Amino acid sequence: MDNVMSMAIDLMLSGMGFVFAFLIILVFATTFMSKVVVRFAPEEPATPAKTTPRARPTGPASVDPDTTEAIKQAIAKYRSNHKK
Amino acid sequence: MDNVMSMAIDLMLSGMGFVFAFLIILVFATTFMSKVVVRFAPEEPATPAKTTPRARPTGPASVDPDTTEAIKQAIAKYRSNHKK
Amino acid sequence: MDNVMSMAIDLMLSGMGFVFAFLIILVFATTFMSKVVVRFAPEEPATPAKTTPRARPTGPASVDPDTTEAIKQAIAKYRSNHKK
Amino acid sequence: MENFSVLWTGSGLANLSGGQFVMILVGLLLLFLAIRKGFEPLLLIPIGFGGILANIPEAGLALSAAENAIHMAKPEVLAAMGSALEVPYNAAMDITPEVMQSFKEAYKNASVEMVTAANAVAVDNGYSDGMLYSFYSVAIASGVAPLVIFMGVGAMTDFGPLLANPKTLLLGAAAQFGIFATVLGAALLSWTGVMDFTILEAAAIGIIGGADGPTSIYVSSVLAPHLLGAIAVAAYSYMAMVPMIQPPIMNALTSKKERAIKMSQLRAVTRQEKIAFPVVVLLLVVLFLPDAAPLLGMFCFGNLMRECGVVERLSDTTQNALINTVTIFLGLSVGSKLSADKFLDLQTLGILGLGLAAFAAGTVCGVLMAKAMNRFVKEPINPLIGSAGVSAVPMAARVSNKVGLENNPQNFLLMHAMGPNVAGVIGSAVAAGVMIKLLG
Amino acid sequence: MENFSVLWTGSGLANLSGGQFVMILVGLLLLFLAIRKGFEPLLLIPIGFGGILANIPEAGLALSAAENAIHMAKPEVLAAMGSALEVPYNAAMDITPEVMQSFKEAYKNASVEMVTAANAVAVDNGYSDGMLYSFYSVAIASGVAPLVIFMGVGAMTDFGPLLANPKTLLLGAAAQFGIFATVLGAALLSWTGVMDFTILEAAAIGIIGGADGPTSIYVSSVLAPHLLGAIAVAAYSYMAMVPMIQPPIMNALTSKKERAIKMSQLRAVTRQEKIAFPVVVLLLVVLFLPDAAPLLGMFCFGNLMRECGVVERLSDTTQNALINTVTIFLGLSVGSKLSADKFLDLQTLGILGLGLAAFAAGTVCGVLMAKAMNRFVKEPINPLIGSAGVSAVPMAARVSNKVGLENNPQNFLLMHAMGPNVAGVIGSAVAAGVMIKLLG
Amino acid sequence: MENFSVLWTGSGLANLSGGQFVMILVGLLLLFLAIRKGFEPLLLIPIGFGGILANIPEAGLALSAAENAIHMAKPEVLAAMGSALEVPYNAAMDITPEVMQSFKEAYKNASVEMVTAANAVAVDNGYSDGMLYSFYSVAIASGVAPLVIFMGVGAMTDFGPLLANPKTLLLGAAAQFGIFATVLGAALLSWTGVMDFTILEAAAIGIIGGADGPTSIYVSSVLAPHLLGAIAVAAYSYMAMVPMIQPPIMNALTSKKERAIKMSQLRAVTRQEKIAFPVVVLLLVVLFLPDAAPLLGMFCFGNLMRECGVVERLSDTTQNALINTVTIFLGLSVGSKLSADKFLDLQTLGILGLGLAAFAAGTVCGVLMAKAMNRFVKEPINPLIGSAGVSAVPMAARVSNKVGLENNPQNFLLMHAMGPNVAGVIGSAVAAGVMIKLLG
Ligand code: NA
Ligand code: NA
Ligand code: NA
C-alpha cells in the first residue's frame, strides 16, 4: 500500500514535470516556427495563385461568395431538416 | 429420416408458438408504452424548443422552407445526373 | 547471376508476348461486343425511359438543367472554399 | 518455351470444368436479372460477380491457403499437410482421386487446431488464402456483416405505421408460418427419400421464408454454411419476384369485397413513441429470447439511432457509407459460396423449390390471418395487407398497395401495409432466434 | 413439450440476475441522459445500448467462445477445456461453484497459447465469440479505434487560436494536474484501506481527468482493461457535466475584476503556420516522448490532412464516415465492459468519485495557472480561460465564454479559450504517454 | 529521480540513430513534395507521415510484438523467445550484437508456427504489435487494401474513349515494355555485380514501370515485401513527375508533323457497351489468366457498379468513403516499410534509378508503337497519345494533350489519350498476373 502511495507521488512529480517541460518546449518551438514561417514563407496575397496546390475538383471561379454563403446556409438548413 | 420429420414438426409447433407469443406480448407492450408516453411525456408543441436536443450542425434560421425545398430538389437532380 | 539474367529475358519475352496476346484478343472481343450490342440492344432514344433502371433517389424532373448547373458550380465553389 | 507452357497449363481455358462453366453462366444470369430486370441489384450484382470470380479455374479465390495447397497437390506439401490433418500419406505415394478426396474430407472435418496447423503448413509453402475466402471469413464467418446490415436496416426503418396500429404485428407473426412450413417441407423431402436434408439444413432453408436477406444469411452461416450460397441466392431472387409471386395468391384467397375494404387513416405517432419502441423490443428480447439478441439488438440499435434525433451523424453513416461498404463485401462473400462443387447439387434444386413454397406459404398465412382477425376486431382490416407480413420490405407493402388500387382506385394501402411489413422483419428475427436456440 | 422447456430455461426471465437487472437499468439511464439531457450522445448511446446487450442473460454477447463454454459448463467440454487451461477436472467430477471459479481464474490468467487452445476447444464444441466480444477485440484490444477517433479529432481541430497565442499551452499543461491528483487520490484510498487500487489502476483512473474520451479509453485498455467500462462512462458523463462542474469553481477562485478582463483580439494565423504546427508537435514527440507516438501521431496526422489543403477528400472521410463508423463500434465495445460482474463493484464507486475530483482539480489548476501567468506577462489573461485547459473540447471553452459573458456582456472569450482547450488535448496525450512509458 | 532517467533513456533524443534521422528527413521531404509541389498528395502524405512514425526511436510502431521483444532484449524474455524460435540462448548468456542478429534472422526465416509462438511469448511478456505493423497486416499483408483501391479506381474509370477506339489498347500493351525492360535492367545490375537482385526482386521493381500505385503495391507485397516501401515511394514519385519525364522523350521521338496530326472526334459509346466491357474483360481473365483475377476482377467489379446504373449508392461509396479510408491506411502501411534498416540500402538507390528508367522505357515504347501502327491503319494516330499507355491516369493523358497543344493549338488530344491511358491500367494488371503466375 505504502508502495502505491510513493509510486503515485513519483508519477505525479515526473508526470507534471514532463508535461510542463514538453509544453514549454512546444511554446518555444511554436513561436520559433511562426517566426520562421512569417520570415521565409510569407503568406501569399489572396490571389488565385495562392490556392494552386489546393484540390479544386471542378469549381469554376464564376460563383460569387454571396451565392456560396447562401448555398452553404441552405445546405446546412436542408441537412438539419433532413430525416426527421 | 423419421427423426428429421418429428424434429421438424416439433420445431414448427414451438417456433410458431413462440413467434406468436412474442409478438402478442409485443402488441400489449407497445400499446401500453404508447399510453404511458402519451400520458407522461406528451408531445411538446411544435416550437423550436422541441428540437433542442436534436443536433443542428450550423443551420441558421434565416433560410425559409421553400428555399430548402428548392435546394433539396436541386441537389437530388444534381446527384441523379452526376457520374452518368 | 547468369541465371537471373536468363530468367529476366525469359520473363520479358513471355510477359510482353502474353500482354500483347491478351490485349489483342481484347481488341477483337471489344469490337465484337460493340457490334453485338449495337445490333441486338440498340441504345434506347434519350428519353426518360432510358434511365428507368437507374436509381433516382428523389429527384423530381421539375428542376431544369441550368439550375442544376448553377447549383453544381455553387457546390463545387462552396466545397473548395470550405475548411480553409 | 517453358514459360508459355506454364501460362497455358495454368490458364482457365485449359482447366475450365463443366461445372465452373455452368456456374459462370449462372453468375452472368444473376447480373442480367439484376441490371435488366432490377432484381435486388444491390445484392445480386455483388453476388453474381463474386460467383463468377469463385469459379475462375485455378485462381482459387474462394479457397483457404490449405485448400489451395491440397488442390495443387505437390507431393512434399501434401505430405506435410497429411501430418497436420492426420491423413496417412507420404510423398512417395501416388496422388489418386481417393487421396485427394481423403484430404478434402479430413480438412472439412478437422478441429480448429488441425485447420490452423494445415494452413500454417500451406502458408509456409507459399500458398495463401483466396481473396473471396478472406472476405467471407471477415464478413460472414464472423457473423458481423449481416448484423451490421441489420443495424443499417434498423436505421432505415420507420415503425410509425406499426405503432399506429400495433395489432398488425400479428400479421407479421402469421406470415412466419412460411418459415416453418418450409422446414416441414424439407423434412418431408428427406422422409420420402427424395432428397437428404438434416434438420439443421431444413431450418436454414426454411428461413428463406422470412423474406429477409441478412436474417437468412446469418441463420445459414450458423446452421448450414455449406448451403449459404444457394439460400442467399434463393432469398434475394424470390424477394425480387414478390410482385409476381404474391398477387395471384392474394386474389385467390380474398373476395372482391374484402379487397375493397377501406382502412381509416392512421393516427399520428409521437416522436417519443418512436424512440421508446426499439427499447421495448430490446427489453422483450432480454426477457424472452436471448438468442435473438444479436439480430434484434443491432436492429433496435440502428432504429434508436435513427429516432432519438441526437446522433444524426451516426445514423447517416449507418444508412449510407457503412451499410453500402458492408453490402459490397457481403455480396462478394456470398458469391464465394457459389463454387460449382457446392452449388451444382440436387440440394440446390430443392432449396430453390422450397424457397418458392416458403414465400407462397407465408403469403397465404398472412392473408388468412387478416381475414381471421376481421372476425374479432371492430375496425376491419383489408386482408391484402396480410401478405406484407412476409417482410421483403418495402416490396411486399407496395404489392399490397398495388393490388388494392386495382380493386379500389381510391384505396391507398401502402402505409397500412408498412405495419405488417416491418412486423415481418421482427417476426423472422424471432423465428431465427428460436431456431438457433433449439438447433444451434 | 421439451422444446418449450428449452426455450423457457434459456430465457432471460428465468436467468436474470440482480446484477444484470441493475446494469440494464444503468444502460437505460445512460440512454435517457444521452437522449433527454444531451449528455455526449454520440458515445453514450452506443455505450448504454452496448451495456444492455452485454447484460442479456445467457446471450453471452460480451464473452469469448471459451468463456461461453465455461459458462454453459457441459462436463465433457469442461474436461477438454481443463486440459487446455491446466485445470484439474474430469467429466465425472461435480461442477461446484469452486470448479467454475477455478476455470474462470485459470482463463483470466492463462498465457496467450493456453487462451488460443481453450478457444479452439470451445469452437470445436460449437461455441463462438459473442458479438460484442468480437467488436471489443477488433476495436479496442487492438488499440485501433481510439487512435482512429483521435485522427478524426485531429482533422476537426483548428489550432489557429493556439498558434495566435502559444503561451496558452501552459494552461493546458496546468490543467493536467487533475490527472495526477486523481492518481494520488486513488493511491490514497488504497493506502487508507478504503479501496484497493494498484498503481496501474490508479493511473488509468487518473486519465479521466484528461477530459478526453479516446485518450481515456486508450490508456485504460493498456493499463487496466477490466476498469475500462467504468472509466469510459465516468469520462464521458463528466465531460457532459462540465457546464455544471466548472462554473462554481471558476467563480470561487476569481474576483469579479479578473473575470471581466478583456483580452485583445487574436492575430491572424497563416496557412503555413497551421500546416507546420502538427509537424512540429510530431517532431517533439519523436525527440522526447516516443510512447505518446500512437496517440499524438494519429492526432497530428489528422490535423495535417485537414490543414495541408491537398487531401480534402481524405480529410472529409476522416471527419465523417470513418470517425462515425468507429464511434459506433467503439461505443458498443465499451458497453461490453459494463457487464454486471465487472461494473457492480466498489471500485466503480471510487472511479466515479475520483473522476469528479479529477475534473475539479484540473479546473482549479487551470484557473490558478492563468492567475499566476498574469504576474509575468504584460498582456493580461482572463483566468476564466484557464478552466478550458482540461480539454472537453469544445464544451469547456464554451463554459469559459458563458461565464465571461455573465461578468462582462461585451467580452467574448470563446476564441481565447479554444487555445488552452486544444492545448489540453495535447497535454493529456503527453501525460498518457508518460504513464504508459513508466507503467505500461 | 529514477523516473526521469527512465524517461530520458527512453526518449528519442537519446536513441535517435543516424539512419532514423535521415529517414525522418526523407519523410519530411515527401510531405514537402506532396504539399508544395502537389506530388500525388493522396498517397505521399500518408506514406511520408507513416515513414516518420516508423522511424521514431524506441516506439517500435512498425514492429510486431516479437520484434519489439527482441529489440528490448530482456534476458528472460529472450530466453523464452529463443525456445520458440530455436535460437540457442539462455538468460545467463551475454547479449552480444551477434545474438541480437541471430534472433532477428531466426524470426525473419521462421515458419508460421514459430512466428505465432514467438509472438505469443512476446504478448505474454507485455509487448504488443506496433500500430503501423497492425495496419500493414490488415491492409497490405492480407492483400486487401490494393484490391479495394483498385475496385475504387474501376468505379472512377470511364472506358468510353477506349471503347470508341479499341485499337488504342495496343498502345497500352506496348508501354508495358517499361516493366520488363526494368526487370532486365535489374538483372543486368545483378549480372554485372553492381547490385544484387533476385529475379523476384527484379520483377517487383519492374512493376514500377506499370505506373500504377495499387498494382505496384500488390505485386511487391507478393513477390518482395521487404522492398515495398522503396517501390511504392518510387512508383508514386515518378507518377507525380510524369509531366517532367515524358515531354522530352515524346518530342525527341516524333517529328513536328507527327505531333500535329489531328485525330477525328470519337464516336459516341452506348451505355450497354460500357456495361458489357468489364464483363468481357472478366471473361478473358477467366479464360486466359486466372492469376490476374484478384486485381482485374476487383477493377472490373468497380467499373460494372459504376456503369450498370442500378447500384449508384454502392458505386458512390466505393468512389468516396471506402477508397478514401483504405487510401489512408494503405499509405500509413507503406510508410511502415520506410524504416531506416529497410530503406537505407544500396538497393533503394537501384530501385529509384531503375524506376526512372522504367517510366522512360514505357514512354518510348508507347510512342514508337503509335508510330508503327500508323503504317497499318488508315485513320492516323497522333503518336503523342502513345506515351499515355504507361497509365499514370490521368496525368499521362493530360501530358499528351499539353504537348499536343504546344504543337497545334487546335488539337485537343485529351479524350484520345484516355484510351491508351486506361488500357495501360489493364496492361500492367495483366503483366502483374503473368509475373505472379511465373514467379509467385
Ligand atoms: Na420476415
Ligand atoms: Na486534456
Ligand atoms: Na500501366
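Naming: A, B, ... by sequence-line order, numbering from 1 per chain. Any value given below was found using the heavy atoms of this structure, including those in side chains, with hydrogens, waters and symmetry copies removed. If you're wondering where the values come from, they're calculated on a predicted model, not measured in any experiment.
For D:Ala14, no part sits under 4.5 Å from any heavy atom of chain F, backbone or side chain. In this structure, the portion of D:Leu53 lying under 4.5 Å from any heavy atom of chain F is its side chain and not its backbone. Within the 4.5 angstrom heavy-atom criterion, no atom of D:Leu322 approaches chain F. Interface remark: F:Val144 contributes side-chain atoms only to the contact with chain D (heavy atom separation under 4.5 Å). Neither the backbone nor the side chain of D:Leu132 comes within contact range of chain F, judged by heavy atoms closer than 4.5 Å. Contacts of F:Leu147 with chain D are made by side-chain atoms alone, with heavy-atom separations under 4.5 Å and no backbone atom involved.
In this structure, D:Ile35 CD1 and F:Arg271 CZ are separated by 9.0 Å, a value rounded to the nearest 0.5 Å. Rounding to the nearest 0.5 angstrom, the gap separating the CD atom in D:Glu58 from the CG atom in F:Leu289 is 12.5 Å. The distance from the CG atom of D:Leu13 to the CG atom of F:Leu287 is 5.5 Å, given to the nearest 0.5 Å. Distance check, rounded to the nearest 0.5 Å: CZ of D:Phe49 to CE of F:Met298 gives 9.0 Å.
Looking at F:Val286 and D:Gln20, their side chains never come closer than 4.5 Å, going by heavy atoms from C-beta outward. Using a 4.5 Å cut-off on side-chain heavy atoms (C-beta onward), F:Leu314 and D:Pro46 make contact. Side-chain contact between F:Asp316 and D:Asn324: absent, with no pair of heavy atoms (C-beta onward) separated by less than 4.5 Å.
Smallest separation of non-hydrogen atoms from F:Ala293 and D:Leu61: CB-CD1, 4.0 Å. Summarising the geometry of F:Val310 relative to D:Ile45, their closest heavy-atom pair is CG2-CD1, 3.6 Å, with the distance given to 0.1 Å. Listed here is the closest heavy atom pair of D:Ala321 and F:Ala321: CB-CB, 3.8 Å.
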Please step through side-chain contact (heavy atoms from CB on, under 4.5 Å) for the pair F:Glu113 and D:Asp124, ending with a clear verdict.
CA-CA 9 Å; F:Glu113 209 165 324; D:Asp124 284 339; 5.6 Å; no

So F:Thr317 and D:Asn320, side-chain contact (heavy atoms from CB on, under 4.5 Å) or not? Walk me through it.
CA-CA 8 Å; F:Thr317 295; D:Asn320 291 293; 5.7 Å; no

Does D:Ile323 form a side-chain contact (heavy atoms from CB on, under 4.5 Å) with F:Arg313? I'd like the steps, not just the answer.
CA-CA 10 Å; D:Ile323 196 171; F:Arg313 53 181 297 159; 3.3 Å; yes

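In terms of non-hydrogen atom pairs under 4.5 Å with chain D, the most contact-rich of F:Cys300, F:Ala110, F:Ala292 is F:Cys300. Your options are D:Thr325, D:Leu42, D:Ile24, and the one with the most heavy-atom pairs under 4.5 Å with chain F is D:Leu42. No other option in F:Val148, F:Val279, F:Thr116, F:Leu304 has as many heavy-atom pairs under 4.5 Å with chain D as F:Leu304.
By the 6.0 Å contact criterion, CZ on F:Phe177 is open, its count of non-hydrogen atoms from other residues, nucleotides or ligands being 12 or less.
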